There are 2 protein chains.
Amino acid sequence: MILDSETKAVELPDDHGTELRLWLRLLTCTTLIEGEVRGRLRERFGVTLPRFDLMAQLDKVSDGMTLSDLSKRMMVSNGNVTGLVERLVESGHLDRRTSETDRRVQFIRLTKLGRAEFRKMAAEHEKWIADIFGDLSPKDIRELMRLLAKAKGSAQRSAKARTG
Amino acid sequence: MILDSETKAVELPDDHGTELRLWLRLLTCTTLIEGEVRGRLRERFGVTLPRFDLMAQLDKVSDGMTLSDLSKRMMVSNGNVTGLVERLVESGHLDRRTSETDRRVQFIRLTKLGRAEFRKMAAEHEKWIADIFGDLSPKDIRELMRLLAKAKGSAQRSAKARTG
DNA sequence: GCCAATTGCTTGAGGGTTAAAGAAATTGTC
DNA sequence: GACAATTTCTTTAACCCTCAAGCAATTGGC
């Protein structure tokens with residue numbers, strides 16, 4: 001550790017240790033919660049997290065979404081969504097309907113069963129999340145929301161600068 | 001939206017919407033950054049994120065770690081680590097050595113090649129992270145660290161309450 | 001010493017995930 | 001209308017990941 005004359009830590013010219021520690025903490029935090037949610041979904045409903053997430057996207061709309069929309073919203077690859085939808089159609093939770101005007105496009109919807117099951121899961125899920133964040137005050141939450149929004153913006157700026 | 005007589009939003013008795021939104025934002029933020037790092041590691045070094053993470057754990061120690069240690073530190077399953085280590089031994093980055101005193105245990109170390117390659121990657125990685133969080137002030141970072149620590153503690157408390 | 005419980009690791013089944021390549025349909029331009 | 005570029009979706013190979021079951025070695029009582 002480098003200290004100056006007043007015994008205060010001094011930054012090295014290229015020390016990015018604080019950012020790195022922040023990233024590791026963010027990752028740890030998310031992994032921890034994600035694992036907890038995954039376990040509860042599995043244990044309580046026998047459903048996987050990706051399937052739950054996909055159904056959550058579809059629950060927000062009434063008239064269906066395309067596969068491309070889903071992959072953008074979920075931030076996963078196109079091929080990934082193809083497989084997920086396939087399995088959820090198979091199990092009767094989803095419904096696919098080819099567009100009349102563009103035969104490449106498929107509209108994916110929750111079936112009656114799918115929506116009913118999702119709503120049941122979502123209600124519990126929301127309580128789990130509330131409990132998981134239960135030690136945070138409303139002010140903590142607001143502040144975290146604000147800082148994460150800033151971090152997200154920063155990351156998007158950085159990503160855009162890389163790929164052009 | 002429910003409004004009271006002074007046109008101010010009123011919480012429903014069981015509304016946990018803010019926590020849910022916080023979780024989604026946390027997840028989005030992490031997924032975004034993780035994807036960015038994954039892409040850069042792949043593009044720049046042809047390495048996957050899990051392999052980089054595993055090597056990062058090993059780089060912190062000089063005398064090796066067991067598979068169990070690795071799986072705890074990385075917060076992934078035991079079987080997962082078995083496969084990852086296998087592939088990294090195969091590629092010459094890792095080295096396994098059975099314990100003298102307990103023949104179930106294997107100490108995993110970075111090879112000379114592994115450590116050299118990791119150090120090179122880590123140096124760039126740190127710069128990427130610094131850039132990704134570049135818009136955050138030192139104060140923002142401190143505050144995020146603090147709030148994420150609190151969130152982590154809360155999540156651990158909740159997880160512990162579930163499994164006992 | 002014996003044996004049950006525990007610990008460290010591997011295996012196998014079932015999924016999830018990406019990047020890259022490709023098939024099918026549409027659009028824009030001439 | 002022709003046809004190149006684009007868009008939507010699927011396929012493939014390789015990998016990542018979990019959970020549960022199982023094997024091998026060790027430990028702790030007795």
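We name chains A, B, ... by the order of the sequence lines, and we start the count at 1 in each one. Everything numeric in this text was worked out from a predicted model, so none of it was measured.
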If you measure from the Lys or Arg side-chain nitrogens to the Asp or Glu carboxylate oxygens, is any gap between B:E143 and B:R146 under 4.0 Å?
yes
Rounded to the Å, how far apart are B:N80 CG and C:dG8 P?
18 Å
Should we say atom NZ of B:K139 is surrounded by more than 12 heavy atoms from elsewhere, each under 6.0 Å from it?
no
Could you check how far CD of B:Q106 sits from P of D:dA24, rounded to whole Å?
15 Å
Between CG of B:N78 and P of D:dG22 the distance, given in whole Å, is 17 Å
Among the nucleotides C:dT11, D:dC17, C:dC9, whichever has the atom closest to the side chain of B:E86 is C:dT11
Of the nucleotides D:dC15, C:dC9, C:dT18, which has the atom closest to the B:T48 side chain?
D:dC15
Please compare B:L84 and A:S68 by the position of their nearest nucleotide in DNA chain D and report the one closer to 5'.
A:S68
Kindly state whether the ring of B:F118 and the ring of B:F52 have centres lying under 6.0 angstrom apart.
yes
Report the distance from atom CG of A:L88 to atom C1' of C:dG15, rounded to the nearest whole Å.
12 Å
Assign A:T101 to base, sugar-phosphate, or nothing according to its heavy-atom contacts below 4.0 angstrom with the strands shown.
sugar-phosphate
From A:M74 atom CE to A:L84 atom CG, the distance as rounded to the nearest 0.5 Å:
5.5 Å
Of the listed D:dT26, D:dC9, C:dT11, the closest approach to the B:D102 side chain comes from D:dT26
For the pair made of CZ in B:R51 and P in C:dT18, what is the distance, rounded to whole Å?
17 Å
Nucleotide C:dT10, atom C1' - distance to CZ of B:R87 in whole Å:
14 Å
Are any non-hydrogen side-chain atoms of A:R25 and B:K152 less than 4.5 angstrom apart?
no
Letter by letter from the 5' end, nucleotides 1-6 of chain D scores (B base, S sugar-phosphate only, - none; protein heavy atoms under 4.0 Å) ------
Determine yes or no for a side-chain-to-main-chain donor-acceptor pair under 3.5 angstrom, with A:R157 supplying the side chain and B:D131 the backbone.
yes
Spacing of B:R42 atom CZ relative to D:dA14 atom P, expressed in whole Å:
13 Å
Send over the distance from B:K72 NZ to C:dC9 P, rounded to a whole Å.
9 Å
Taking D:dT11, C:dA25, C:dG8 as options, the one with an atom nearest any side-chain atom of A:R103 is C:dA25
Closest-nucleotide mapping onto DNA chain D: is A:R96 or A:R38 further toward the 5' terminus? I mean the 5' end.
A:R96
Separation between CD1 of A:I33 and CZ of A:R38, rounded to the nearest 0.5 Å
13.0 Å
